[in-house]
Amino acid sequence: MYEIRIHSRGGQGGVTAAKLLALAAFRDHKYATAFPFYGAERRGAPVVSFVRISESPIKVYSQIRKPDLIVVLDNSIMDVVDVLHGLKPGGKVLLNGTLPHDMKGFKTLSVDLTSIALRLNLVVAGSPILNTPVIGALAKMGIVSKDSAKLAISEMFSDDRNVQAAEAAYQELVI
Amino acid sequence: MLMISTGNKAVASAVKDAKPSVIAAYPITPQTEIVEQIAEYVSSGELMSRYIMVESEHSAMAACIGASITGVRTFTATSSHGLLYMHEMVNWAAGGRLPVVMANVNRAVGPGWNIWAEHTDALQERDTGWLQVYVGTVQEAYDATLMAFRIAEHNDVLLPVMVNLDGFLLSHINQSLQTEDVGDFIPPIQLPHAIDINNPRGYGTLTGPDDYFKFRWDIERSMRDSVKVIEETQGEFAKRFGRPYGFTEDYRCDDADVLIISMGTLGKEAEVATDLLREEGIKAGSMRIRWFRPFPDLDIAGKEIVVIDRDYSFGSGGILAEAIRSRCRVEPYSVIAGLGGQEVTYEDIAGFVRDRRPGEEYWFGVKPDV
């Protein structure tokens with residue numbers, strides 16, 4: 001079982017990113033679950049979402065304590081949340097943007113999702129949409145297939161720019 | 001159709017496919033997504049139902065009762081304080097022999113104000129004459145809701161059915177969901193005591209002890225008869241749609257020395273704990289109670305029992321543990337865990353089994369002197 005924790009702020013689309021990723025894994029014919037931790041959610045507050053992907057049915061409902069991968073949609077969260085908490089030895093981190101951070105030796109990848117969203121004018125209520133480009137980056141990392149990533153995005157969003165954003169992140173992420 | 005869905009949306013999909021004539025509901029966290037989604041189905045024309053927006057849960061159930069007595073299919077959904085607010089009418093639906101179907105998203109009861117999973121809300125309604133089923137996956141939320149209509153409306157039952165799903169853990173998780181072309185799986189409703197303007201009768205009139213006693217016995221007789229209706233419905237469901245269900249979901253129980261008995265998503269997590277314990281040489285099994293009313297006959301003789309209650313009856317004990325103790329004549333190790341959404345992992349559950357002390361009660365995460 002591969003376990004992913006997504007850190008975002010309320011309104012940035014972390015919860016939807018988790019759902020998209022689960023849907024893409026599902027379209028890869030794998031089992032997947034996606035769920036947020038629900039506290040007192042509001043725009044701008046740190047939010048955590050979880051995704052599990054497995055070859056066999058997933059019976060675990062508790063929160064992910066030891067993730068294989070951590071995704072950070074807003075790097076400023078790292079000032080207030082220990083995003084690396086519980087990350088497995090050999091685990092990976094995907095960051096939005098290129099700001100340097102001490103990732104304590106964990107394999108860290110980054111891609112500027114915000115710029116991709118702004119370039120395509122993927123903005124809702126003043127916030128750049130990060131949940132569709134990040135799926136492209138995760139496809140590049142091999143978490144889901146590229147075809148399933150695009151399929152999942154087009155199933156949930158009719159605006160083709162979302163698929164374009166995922167394609168851009170796929171191209172721009174350097175493995 | 002194969003899709004990805006939350007537990008709430010799975011319930012709404014089942015309601016769309018069961019096509020009730022009247023839906024009356026009031027939103028409450030974490031159930032709101034059910035009634036929102038149904039409202040969308042009604043406004044888009046995908047579901048041709050009368051959707052009654054009410055000012056309270058008491059009115060929601062009262063509206064379902066009023067509609068049901070005319071002989072049509074009805075549905076509502078609620079949670080926690082909403083369920084308790086409709087408590088009077090919950091009794092009335094069962095006593096009136098009205099096959100209302102309700103989804104209850106299990107949530108703790110305040111104070112302290114808490115929106116997370118606990119079963120005490122529904123278990124406070126256990127003596128009302130409603131059938132109660134507790135589900136463990138998004139797919140099961142859909143399947144159980146569909147079956148609830150057929151079971152409730154069967155003329156050997158004619159009692160309301162409550163489908164229970166864990167708040168957030170199940171209501172808000174995304175999992176795969178297979179929806180079905182339901183066809184004639186749920187026959188048209190035929191309520192024998194429906195209001196008939198050509199044959200006026202009184203409903204809910206003052207009833208003396210002799211008749212009242214008969215009515216009460218009649219509820220119990222139907223509750224007992226519901227056992228075979230549930231079996232038959234689950235059998236037919238498995239035949240048509242390929243997913244079998246029982247009164248319990250048993251995992252590695254046959255050769256087990258110690259059984260973990262629980263309800264809801266805890267029962268799925270307990271299956272993982274079972275595998276972990278088996279690797280350590282402890283012959284564990286998981287029995288997830290699906291139907292709490294009618295309470296099933298359990299074949300657990302000769303096994304050690306660990307009951308996990310996500311609920312409590314103050315001054316008495318875990319409500320599931322009490323049921324097991326009195327009906328099965330065993331002394332379980334009673335674990336109280338998961339109240340108010342407390343995290344309970346499969347590793348925690350394995351720990352309960354390793355440290356079991358038959359006959360004792362243990363509050364997970366509470367130190368004895370606090």
Side-chain angles (χ1 to χ4, degrees), chain A residues 1 3-6 13-42 47-67 85-86 131 135 144 148-149 151-157, chain B residues 1-9 29-30 32-33 105 107 113-117 135-140 165-178 249 251 262 264-276 286 288 310 337-338 341-349:
Chain A
M1 186 151 63
E3 297 185 306
I4 303 155
R5 192 171 69 213
I6 301 173
V15 176
T16 305
K19 185 176 178 180
L20 271 172
L21 188 58
L23 179 58
F26 183 54
R27 293 299 176 220
D28 281 338
H29 305 290
K30 291 181 181 170
Y31 293 91
T33 61
F35 59 104
F37 172 73
Y38 277 93
E41 260 66 14
R42 58 217 181 270
V47 178
V48 182
S49 313
F50 304 97
V51 183
R52 289 189 167 98
I53 301 173
S54 174
E55 302 289 339
S56 54
I58 299 165
K59 301 169 176 180
V60 183
Y61 284 83
S62 44
Q63 290 175 31
I64 293 170
R65 299 291 172 84
K66 295 171 190 163
H85 182 75
N131 50 27
I135 303 302
V144 290
S148 294
L151 181 61
I153 292 167
S154 57
E155 276 182 53
M156 278 178 62
F157 298 98
Chain B
M1 197 168 84
L2 194 55
M3 60 180 85
I4 196 161
S5 171
T6 62
N8 277 341
K9 286 192 172 171
T29 302
T32 301
E33 195 183 28
V105 181
R107 166 187 150 178
W113 199 240
N114 180 296
I115 56 173
W116 295 281
V135 305
T137 66
V138 167
Q139 183 68 57
E140 194 183 347
L165 56 154
D166 286 345
F168 294 109
L169 295 169
L170 208 45
S171 65
H172 284 63
I173 197 168
N174 280 286
Q175 293 177 338
S176 62
L177 171 68
Q178 172 76 49
E249 184 178 44
Y251 182 74
S262 61
T265 53
L266 276 176
K268 302 304 287 185
E269 196 98 15
E271 292 184 12
V272 185
T274 294
D275 292 341
L276 191 67
S286 168
R288 180 168 65 89
R310 187 170 225 136
Q342 179 194 37
E343 272 269 289
V344 185
T345 68
Y346 60 89
E347 284 160 339
D348 297 327
I349 295 171

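Lettering follows sequence order; numbering is per chain, from 1.
- Heavy atoms of B:Leu266 lying under 4.5 Å from chain A are absent altogether.
- Around CZ of A:Phe157, the count of heavy atoms belonging to other residues, nucleotides or ligands within 6.0 Å exceeds 12.
- Side-chain contact between A:Tyr61 and B:Thr137: present, with at least one pair of heavy atoms (C-beta onward) separated by less than 4.5 Å.
- Taking CZ of A:Phe26 as the start and CD of B:Gln175 as the end, the distance is 10.5 Å to the nearest 0.5 Å.
- More than 12 heavy-atom neighbours from other residues, nucleotides or ligands sit within 6.0 angstrom of OH on B:Tyr251.
- Distance alone, capped at 3.5 Å, is enough to place a donor-acceptor pair between the B:Glu269 side chain and the A:Ser62 backbone.
- Taken from OG in B:Ser5 to CG in A:Leu23, the straight-line distance is 11.5 Å, to the nearest 0.5 Å.
- Atom NZ of A:Lys59 and atom CG of B:Asp275 lie 5.5 Å apart (nearest 0.5 Å).
- Taken to the nearest 0.5 Å, the OG1 atom of B:Thr6 stands 14.0 Å off from the CZ atom of A:Phe35.
- With a threshold of 4.5 angstrom between heavy atoms, A:Ala32 approaches chain B through N, CA, C or O but not through any side-chain atom.
- Each of A:Lys19, A:Glu155, A:Met156, A:Arg27 was compared with B:Ile4 under the side chain to side chain contact (heavy atoms under 4.5 Å, CB included) criterion, and only A:Lys19 meets it.
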